[in-house]
Amino acid sequence: MRDIAVISFAQSPQVRRQPDLNEVEMLMPVVRDALAGAGITKDRVDFVCSASSDYLAGQAFSFVMTLDAVGPWPPISESHVDMDGAWAAYEAWVKMQMGHVDVALVYAYGKSSPGDIRRVLTRQLDPYYLGPLWPDSVSLAALQARCGLDAGSFTKADMAEVAARSRRDAKANAWAQLSGDDDPAELLGRDELVSPLHVHDCPPVTDGAAAVVLAAGDVARELCARPAWIRGIDHRIEPHALGLRDLTRSVSTEQAATAAGVADGPVQLAELHAPFTHQELILRSALGLGDDVVVNPSGGALCANAIMTAGLIRLGEAASRVTAGDADRAVAHATSGPCLQQNLVCVLEGE
Amino acid sequence: MPELVLPDRLRGVEPVRSIRTPARLDYEFTAGRATSRFLRGVAEKRLLGQRCPVCRKVYVPPRGACPTDGVPTEEEVELGHTGTVTTFCVVNVQFYGQAMELPYVSALILLDGSDLPIMHLLQEVSADDVHMGMRVEAVWVPDDEIEPTLESIRYFRPNGEPDAPWDSYKDNV
């Protein structure tokens, strides 16, 4: 296996609505900042992998126009996933393992504001049984939370604690959309949005973009004083039909964590892509994280949840904390699909 | 595979071979800063492109980025209302929603001062006479009908100038 590291991370302000900028205008400064963070220009990039969804833009092949942000001339080696950017990073990592690429740029963006995101996300359900019923994303998450509460896996108070801690931590994150000091008991006193979920259990609707630069071996060492080395990365998926899954646990996260080697050493910090409060509790347990692990110091997806982007941000946040020396070993996680259907786990280490 | 046993009430029933599941989603399109400036210019009967600071090319309508260099295009350039036909298509096929009388000509027109052709209609000329290099001018809708849309130009028509030399548009065909 080649040693591959995250050497730079950048993101746009994560906001409820970005009505002035089109996708390429939103993305361009992020790509510029990610390359500048690595101290390189686009000529040094061997491979570009992007992540976005036509269902957010309401436009076919929408990613093609966004490629303007990287200046794809003379022709570049490039790929795209209709998945979260964490999976674009995975594709770049695989390509780098094959030995053809030393430096890869990975970017992701999502503007949820042009459409009704709760309805848009129903289109990822199976088209025969669930899709025609249009069960929205918050309702499906509520179903999962209800399963966990009924099974005694966690309480609504535990969930409110996750929300309050995330918002408090996000006060130190200038890019976050939501932050503040909230009393969990006061949050629980407010009305439910979709029972048993309150607004504080749900992610904000976000427009945003992010990018990371990956580099291999000595190139990473040349470009970054302390690269965040990817020591393990794996992703697994569960069945499409919700009725075939145990929604109170995340089997695919457990499997990905084992394959990525999460338990092979102490974990100091984890960035978990948990758009709903109860999902963080399910993921902590699936990853076997102890109480001493710092979880989501950025505020996580509860404080900014740009679709197709929030998972890549977890990778970038965890990596930049390793690079900064705040952690020697960190876990980044990304999810996709309803109720944590698909999960990616990545172990990052400093040298 | 285990053998599938249907309940009695489903035995002998005609199997479902297809279902219809209509889907509709509505979106608000964001033109972006650069294209918004262009569209507001059109509402004032002005055509505004943007120049790349690296390769100096002028794009219209601008999207805010140079697709070659990947940098913002911020310098605004006012373009003429005349241009050159680079390529064209004579449309002879009727299709749903078509408002034009057949045959008509859809052309790529390189506006003077720009480096990227726009697509528009060509009228007041027989389809047989349209050719590459033909010089054309914009025909606007009446002033009180002008809106921030390219439809504010009704069409282009030949302006009688001699054909543009090949070198002036060879990079845009």
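Chain identifiers are assigned alphabetically (A, B, ...) following the order of the sequence lines, protein sequences preceding nucleic acid strands; residue numbering begins at 1 within each chain.
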At their closest point, which heavy atom of B:Ala31 faces which heavy atom of A:Asn22, and how far apart are they?
O-ND2, 3.2 Å

Under 4.5 Å, counting heavy-atom pairs only, tell me which of A:Pro29, A:Gly131, A:Pro72 racks up the most with chain B.
A:Pro72

Below 4.5 Å from any heavy atom of chain B, which atoms of A:Met26 appear? Answer side chain, backbone, both or neither.
neither

Less than 4.5 Å apart, any side-chain heavy atom of A:Met28 and any of B:Pro72?
yes

Heavy-atom cut-off 4.5 Å, strictly under: side chain, backbone, both or neither for B:Arg20 against chain A?
neither

Rounded to the nearest 0.5 angstrom, the OH-OG1 distance for A:Tyr128 and B:Thr21 is 9.0 Å

Smallest heavy-atom separation, A:Val24 atom then B:Arg63 atom, equals CG1-NH2, 3.4 Å

Where on B:Val54 is there a heavy atom nearer than 4.5 Å to chain A: the side chain, the backbone, both, or neither?
neither

Given a strict heavy-atom distance threshold of 4.5 Å, which part of A:Arg123 is in contact with chain B: side chain, backbone, both, or neither?
side chain

Side chain to side chain, B:Arg24 and A:Arg119, heavy atoms closer than 4.5 Å
no

Under 3.5 Å donor-acceptor, B:Tyr27 side chain and A:Gln59 backbone:
no

Heavy atoms of A:Asp68 and B:Ala65 approach each other most closely as CB-CB, 4.0 Å

Report which part of A:Val70 has an atom under 4.5 Å of a heavy atom belonging to chain B: side chain, backbone, both, or neither.
backbone

Heavy-atom cut-off 4.5 Å, strictly under: side chain, backbone, both or neither for A:Pro127 against chain B?
backbone

Winner by heavy-atom pair count (cut-off under 4.5 Å) against chain B, out of A:Asp116, A:Val31, A:Thr122, A:Leu56:
A:Leu56

Should we count CH2 of A:Trp73 as having more than 12 external heavy atoms under 6.0 Å?
no

Main-chain N/O of B:Ala34 paired to A:Glu25 side chain as donor or acceptor, under 3.5 Å
yes

Report which part of A:Glu23 has an atom under 4.5 Å of a heavy atom belonging to chain B: side chain, backbone, both, or neither.
neither

Which distance, rounded to the nearest 0.5 Å, do you find between the CG of A:Asp207 and the OG1 of B:Thr30?
7.5 Å

